[in-house]
2 protein chains.
Amino acid sequence: MRRKHQMDHDEDALAIKLQAFQPLGEDEKARLEDLQRHRMQFAAGSEVVYQGQTNRGAYILRKGWACSYKRLRDGSRQIIDIHLPGDFLGVRSLLLRTSDQSFITLTDVEVSKVTVEAMWDVFRAAPKLAVSLLWAASRDEAMVVEHLVSVGRRGALERTAHFLLELGARLHLIGCGTGDNYPCPISQAVLADALGMTTIHLNRVLRQLREIKLVVFREGTVTFPDVHRAAEFTGFDLRYLDHGTRP
Amino acid sequence: MRRKHQMDHDEDALAIKLQAFQPLGEDEKARLEDLQRHRMQFAAGSEVVYQGQTNRGAYILRKGWACSYKRLRDGSRQIIDIHLPGDFLGVRSLLLRTSDQSFITLTDVEVSKVTVEAMWDVFRAAPKLAVSLLWAASRDEAMVVEHLVSVGRRGALERTAHFLLELGARLHLIGCGTGDNYPCPISQAVLADALGMTTIHLNRVLRQLREIKLVVFREGTVTFPDVHRAAEFTGFDLRYLDHGTRP
DNA sequence: CGAAGCGTTGAGTATAATCAATTCTGGTGG
DNA sequence: CCACCAGAATTGATTATACTCAACGCTTCG
């Protein structure tokens, strides 16, 4: 028997993630592999989908980091979510007429392009896999909701630490980083846009978090000197991430 | 030929909403009616689903208003969305193990309880209707995203007016209120929790909006003296609501 | 070397929260 | 009819939080 979090299909983060919901049979794994047949590469800083684009089509992020955001008239932007390997990009634009948000890569990435038709095929021929994909979509939505709660009701310190804890938990699920340390290749400007604050303010918040030894964000690495204290401090619950296999 | 926004199945808001996406045949309408067979009533202020509940099962809101929210440790809460007739409540809890949010009614309401099984039946037997439901779910998600953008990056005045414009547009779609005037049976406390501010601050913001004649929120009614100016002021786009029938 | 991007710091300002009251409103019961 | 109450809306004064503007240090890269 293979150990958990070890690779089944050569580091397929999506397969690992989906199996946190329910195990997949060989047939489903093959189908999942097939769904990701059409590979593409993008350099860091590429626009993958832009707000208002009418092309239908989604991507599965296989390697690297990306983010989704919306721009406002005054030029500012709000980052909706940071996307990690195994995440879908732009599923919603499969059904809405235009994409309601933009996607940009944060590192060099590898993605698979997925068409609407391929998705319907999965729904018809592999309903169990389809349910897993819907589960993943529900989980993503729950993350956006938690993000909204953070921005609306948590103070800057709490909010920042909470966000970094969530990232850590998500990475852990797909087998990257330990619980209390992970590589985080994003600039303070990106993090600030995700958290709804100024870069300058975020910088001060990060310094404070470092001073009180809750979180250290430095040189592309996030470290929690004491994860439990950090979780306690921010009220991090993680039930909304719905980890662990269903009974 | 029936006029748009007129009732087909005795004021079924969901049917009206779904037809903004694609027309439904008699068969699908009957199925939709059947899905809503199990009616229930709740008084204003009832908890319909609570955060952490493990019961699976969703509701379709038929009449009245409700809202979804999450509570934080310090007792404050963030309202995720206001729900209007034709909205689903708690679909996500069909797939996640526990509900990640709570639902409370804002007025007396009528709902229909929907089981997972009934949903799967629709997917199997009426895929076209299922697509419409997925569209509605995508649209709801797009609204949460826009909400996040508002709370993260818009100032209080802009944010408040934008939110009220969105509510107006949503109500208009299901045939309630004109574009520039609608009944809005919620307290300032609720609105403040939705917008991520204090009741006191919201009160001042509402006064300002009234003074500059952008929005009047008073005695349970919202009025826009000049909708276009309000839309211009807030940068209200409404493309994310994806109204209008698909080509 | 200069330019660009990122991170950092300081000083002053704006925005929103907190604390403390007061008014207005629609019920309720005498 | 009125006195009373609870909830909602409103106002003022003060404090905290986050933003703006301005500048500087440190790399990296051409």
Side-chain angles (χ1 to χ4, degrees), chain A residues 43-45 65 67 72 74-79 104-108 150-164 183-212 215-222, chain B residues 43-45 65 67 72 74-79 104-108 150-164 183-212 215-222:
Chain A
W65 291 32
C67 72
L72 290 100
D74 65 0
S76 64
R77 66 170 182 174
Q78 175 65 44
I79 290 183
I104 199 171
T105 59
L106 296 170
T107 67
D108 294 347
S150 264
V151 175
R153 286 294 183 213
R154 282 194 249 258
L157 274 176
E158 212 182 334
R159 175 155 91 244
T160 305
H162 188 278
F163 189 80
L164 294 174
C184 185
I186 66 180
S187 70
Q188 292 189 359
V190 167
L191 193 52
D193 276 348
L195 294 170
M197 2 178 180
T198 318
T199 312
I200 297 175
H201 190 53
L202 174 72
N203 181 278
R204 288 171 177 142
V205 167
L206 287 175
R207 175 155 51 82
Q208 279 184 269
L209 286 172
R210 205 183 309 132
E211 280 167 4
I212 60 177
V215 192
V216 183
F217 179 96
R218 197 169 261 266
E219 288 153 17
T221 304
V222 171
Chain B
W65 291 33
C67 71
L72 289 99
D74 65 359
S76 64
R77 67 171 181 173
Q78 174 65 45
I79 289 184
I104 199 172
T105 59
L106 296 170
T107 66
D108 294 348
S150 263
V151 175
R153 287 294 182 212
R154 281 194 250 258
L157 274 175
E158 213 182 334
R159 175 154 93 245
T160 305
H162 188 279
F163 190 80
L164 294 174
C184 185
I186 65 180
S187 70
Q188 292 189 1
V190 167
L191 192 52
D193 277 348
L195 294 170
M197 6 176 179
T198 318
T199 311
I200 297 174
H201 189 54
L202 174 72
N203 181 279
R204 289 172 176 141
V205 167
L206 287 175
R207 175 157 51 81
Q208 278 184 270
L209 287 173
R210 205 182 309 133
E211 281 166 4
I212 60 178
V215 192
V216 183
F217 178 96
R218 196 167 260 267
E219 288 154 16
T221 304
V222 172

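Numbered from 1 within each chain, the chains take letters A, B, ... in sequence-line order. Small disclaimer: the values here were computed from a predicted structure and weren't measured.
Within residues 153-161 of chain A, no residue has any heavy atom under 4.0 Å from DNA chain C. For DNA chain D, the residues of residues 196-209 of chain B within the heavy-atom distance limit of 4.0 Å (strictly under) are B:I200, B:N203, B:R204, B:R207, sorted by number.
Taken from CG in A:N203 to CE in A:M197, the straight-line distance is 11.0 Å, to the nearest 0.5 Å. For the atom pair CD (A:Q188) and OG1 (A:T198), the distance works out to 12.0 Å, reported to the nearest 0.5 Å. A distance of 10.5 Å separates NE2 in A:H201 from CG in A:L206, rounded to the nearest 0.5 Å.
For A:D108, there are no side chain to side chain donor-acceptor pair (under 3.5 Å) partners two or more places apart in sequence or in a different chain. With sequence neighbours excluded, the residues satisfying side chain to side chain donor-acceptor pair (under 3.5 Å) with B:S150 are B:R154.
Within the 4.5 Å cutoff, the side chain of A:T160 has heavy atoms near those of the A:L164 side chain. The side-chain heavy atoms of A:D193 and B:R153, taken from C-beta on, include a pair separated by under 4.5 Å. Looking only at side-chain heavy atoms (C-beta outward), A:V190 and A:R77 come within less than 4.5 Å of each other.
Of all nucleotides in DNA chain D having an atom under 4.0 Å from a heavy atom of chain B, the first and last in 5' to 3' order are D:dA9 to D:dA13.
Shown here is A:E211, whose CD atom has more than 12 heavy atoms of other residues, nucleotides or ligands within 6.0 Å.
Rounded to 10°, the helix from C:dC1-D:dG30 to C:dG30-D:dC1 has 30° between the axis fitted to its first five pairs and the one fitted to its last five.
Scanning all heavy atoms of the two residues, the minimum distance from A:C184 to A:W65 falls at CA-CH2, 3.9 Å. Between A:A43 and A:T105 the shortest heavy-atom distance is O-OG1, 2.7 Å.
B:I186 pairs with exactly one of B:I79, B:T107, B:L191 by the side-chain contact (heavy atoms from CB on, under 4.5 Å) rule, that one being B:L191.
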